[in-house]
Amino acid sequence: MRDPNRPRFSRMARVALILCLPAMAATQAMAQAGTQAGAQAATPRFTAADIEAARFDGTAMPAGKSALGARLQVLLDRAGISPGVTDGFNGGMSRSAIETFERRAGLRVDGVLDLQVWDLLGAYAVAPITRSYTITPADAQGLVPNIPSDYAQKAQMSTQGYTSIAEKLAERFHMDEKFLTYLNPGIPILPGETITVTDPGPERRGTVARVSVDKDRRRVTGYDANGQILVDYPATIGSTDTPSPSGSYKVRAIALDPVYTYNPSRNFKQGDNDKVLSIPPGPNGPVGDVWIALTKPTYGIHGTATPARLFVSQSHGCVRLTNWDARELAHMVQPGVTTVDFLPLADAPADAAADAGAAPSRLSLRENGPVSALSSARRPVPAPRLRPAQGTDAVGAAALDGTAAPVPSASQPAPR
């Protein structure tokens, strides 16, 4: 269910967006996914009580899925360093999140949970890791039977909405859908039922002056004006055939609930579709429910319908985050102000101690100096208001393929 207090960019904003869709996974990533699946089958079942009681004793993390793995993921999420979906797995997204947490705290960066990291994460463990949630009738509203793969069929729908209550609630609580049902065995996910969910805490708030897109680590980092890490997310960033750009750009505009314009003459050919199609918005749309347009034409940062596959899928050049991470970032960046740096392959994360607009530099393992976890805790502050940009930037990425719908309170973009 949509947060009624969340700022809106415009009503059903129509934007034309380039294809940034999932592609086939790399062989290595698929092998990793298969290994995780095998580990899941062999892992003893655990409960919400086990997650609450889980503690790290300094030894190696359990292989596969564990209560400790789920607790770690929630704590990292609360710290503003996203592990992607909470699923309990000790996988690549969690390890890359630990690396960023170590970098922000001024620790040795190795992506391995140790007692220093665990002690600092304790600042985010004040509230319980799990909570009870009673499913409401509103949670069952706006669902669709399925999401077809054919774009002509998508265009006939009124929304690219969730296909189940479980999918909707899993995304709301930053969980893998299968993990939500795992924590609630035998409980039907229906209105009136009370279920157990993980609690990621409130969204991070603040102003991101610079975004660093790291193709090697597959992470997107947001820095404040002083070069301190505010947020960090796992991402799908281009592919070998269609790489993301290099260089430095600006955020051009932001759109929530974007309408996707499919244009086979400009972007790609999907199936037998040879006409321009307008695909309605929704979390299961081609770019999720958030589009952050860049000054690099046709490129942006956006959400995804498959959050669990960020480290498995590839994109066609754009930067894909989970829908919830993309929404959080959209509230923190500023059109015309926030810089987005694409780090070259084999380069290191940008130096957070540098000025917000400075060029990326090589990794400094203590680039931020010691940072107290208490001082960097998630503190809600007023969110920047999402608003239409003017002129050709109206409605987020409007007119990327030369078309856009009329926009209230913003001038009509000129066709290209």
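For the single chain, residues carry numbers from 1 onward in sequence order. Note: hydrogens, waters and symmetry copies are ignored here, and every other heavy atom, side chains too, is used.
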Exercise for the section: Keeping the roles fixed (side chain from R218, backbone from A235), state whether a donor-acceptor pair exists under 3.5 Å. Expected result: no

Taken to the nearest 0.5 Å, the spacing of S278 OG from N263 CG works out to 11.5 Å

May I have the step-by-step check of side chain to side chain contact (heavy atoms under 4.5 Å, CB included) for V74 and D199, ending in yes or no?
CA-CA 7 Å; V74 173; D199 185 358; 5.6 Å; no

So CG of L72 and CG of N90: to nearest 0.5 Å the spacing works out to 8.0 Å

Rounding to 0.5 Å, atoms CG (L169) and OH (Y162) come to a distance of 9.5 Å

> Heavy-atom distance under 4.5 Å between the side chains of M61 and L68, does that happen here?
Replying inline: yes

Those residues at least two apart in sequence (or on a different chain) that pass ring pair (Phe, Tyr, Trp, His ring centres under 6.0 Å) with F173 are Y133

For G285 and A305, the nearest pair of non-hydrogen atoms, with its separation, is O-CB, 4.3 Å

| message | Could you check whether any side-chain heavy atom of D176 comes within less than 4.5 Å of a side-chain heavy atom of T86, counting everything from C-beta outward? | response | no

Note to self: Assess, by modelled atom type and distance only, whether the side chains of Q160 and Y260 contain a donor and an acceptor separated by less than 3.5 Å.
What the structure shows: no

Closest heavy-atom pair, G282 versus T159, reported as atoms and distance to 0.1 Å, is CA-OG1, 4.2 Å

Test salt bridge (charged side-chain N to carboxylate O under 4.0 Å, His left out) applied to D289 and R327, step by step: CA-CA 8 Å; D289 57 11; R327 281 196 301 269; 3.0 Å; yes

- Query: Cut-off 3.5 Å, side chains only: do S212 and T221 have a donor facing an acceptor?
  - Reply: no

Discussion item. Looking at Q270 and Y151, would you say the former's side chain and the latter's main chain have a donor-acceptor pair under 3.5 Å?
Written reply: yes

Set out, in order, the CA-CA distance, both residues' side-chain angles and the distance that settles salt bridge (charged side-chain N to carboxylate O under 4.0 Å, His left out) for D50 and R45, then state yes or no.
CA-CA 10 Å; D50 294 324; R45 174 170 287 278; over 6 Å; no

message = Looking only at side-chain N and O atoms, does T100 offer a donor or acceptor that is under 3.5 Å from a partner on R217?
response = yes

- Task: Kindly say whether I129 contributes a backbone atom to a donor-acceptor pair with the side chain of E52 at under 3.5 angstrom?
- Result: yes

### Task
Measure the acute angle between the ring planes of Y249 and F342, then classify it against the limits of 30° and 60° as parallel, tilted or perpendicular.
perpendicular

Rounded to the nearest 0.5 angstrom, the OH-CZ distance for Y233 and R204 is 9.0 Å

In short, G300 meets C318 closest at the heavy-atom pair O-CB, 3.4 Å

Looking only at the side chains, is there a donor atom on one of D57 and T59 sitting less than 3.5 Å from an acceptor on the other?
yes

ask   = Judged by atom type as modelled, is there a donor-acceptor pair below 3.5 Å linking the side chain of R78 to the main-chain atoms of A127?
value = yes

| Are any of the side-chain heavy atoms of R95 and V112 separated by less than 4.5 Å? | no

Donor-acceptor contact present, side-chain T338 to main-chain V208, <3.5 Å
yes

Distance col, row H174:NE2 vs T322:OG1, nearest 0.5 angstrom, shows 7.0 Å

- Task: Using a 4.5 Å cut-off on heavy atoms from C-beta on, say whether the side chain of E167 contacts that of P283.
- Result: no

Between M332 and L230, the two heavy atoms sitting closest are CE-CD1, 4.0 Å

Distance-only, no hydrogens or angles: does the D341 side chain make a donor-acceptor pair with backbone N or O of S248 under 3.5 Å?
no

Mark yes or no: R210 above the aromatic ring of Y223, with NZ or CZ under 6.0 Å from the six-membered ring centre and no more than 45 degrees from the axis. yes

Q. Under 4.5 Å between any side-chain heavy atoms of L329 and I292, yes or no?
A. yes

_Could you check whether any side-chain heavy atom of W291 comes within less than 4.5 Å of a side-chain heavy atom of P281, counting everything from C-beta outward?_
no

_Parallel, tilted or perpendicular, judged at 30° and 60°: which one describes the rings of F56 and W118?_
tilted

Without swapping roles, check the side chain of E102 against the backbone of A97 for a donor-acceptor pair under 3.5 Å.
no

Quiz item: Do the side chains of E203 and W324 get nearer than 4.5 Å, heavy atoms only?
Solution: no

Assess the side chains of S149 and K154: does a donor N or O sit below 3.5 Å from an acceptor N or O? no

Pair T163-I147, side chain to side chain contact (heavy atoms under 4.5 Å, CB included): steps then yes or no: CA-CA 8 Å; T163 59; I147 302 293; 3.9 Å; yes

| query | What's the verdict on salt bridge (charged side-chain N to carboxylate O under 4.0 Å, His left out) for R219 and D214, showing C-alpha distance, side-chain angles and the deciding distance? | reply | CA-CA 5 Å; R219 304 288 302 191; D214 190 328; over 6 Å; no

* Asked: Are side-chain heavy atoms of L180 and I189 found at a separation under 4.5 Å?
  -> yes

Here the pair of heavy atoms bringing I187 nearest to T194 is CD1-O, 4.0 Å

Going by distance alone, is a donor N or O of one side chain under 3.5 Å from an acceptor N or O of the other, for Q334 and T207?
no

Does R252 form a side chain to side chain contact (heavy atoms under 4.5 Å, CB included) with L294? I'd like the steps, not just the answer. CA-CA 5 Å; R252 185 161 68 85; L294 305 182; 5.8 Å; no

- Checking D77 side chain against P200 main chain: does a donor-acceptor pair fall under 3.5 Å? no

Query raised in the report: Aromatic ring centroids of F46 and Y182 under 6.0 Å?
Result: yes

D114 (side chain) donor-acceptor with V117 (main chain) under 3.5 angstrom | yes

Quiz item: Do D325 and S82 have a side chain donor and acceptor closer than 3.5 Å?
Solution: yes

Sub-3.5 Å donor-acceptor pair from the side chain of E177 to the main-chain atoms of A170, do we have one?
no

So OG of S94 and CD1 of I81: to nearest 0.5 Å the spacing works out to 12.0 Å

Scanning both residues in full, the closest heavy-atom pair of V290 with A330 reads CG1-CB, 4.0 Å

CA sep, side-chain torsions, deciding dist, call: T134, E193, side chain to side chain contact (heavy atoms under 4.5 Å, CB included) = CA-CA 6 Å; T134 300; E193 297 288 344; over 6 Å; no

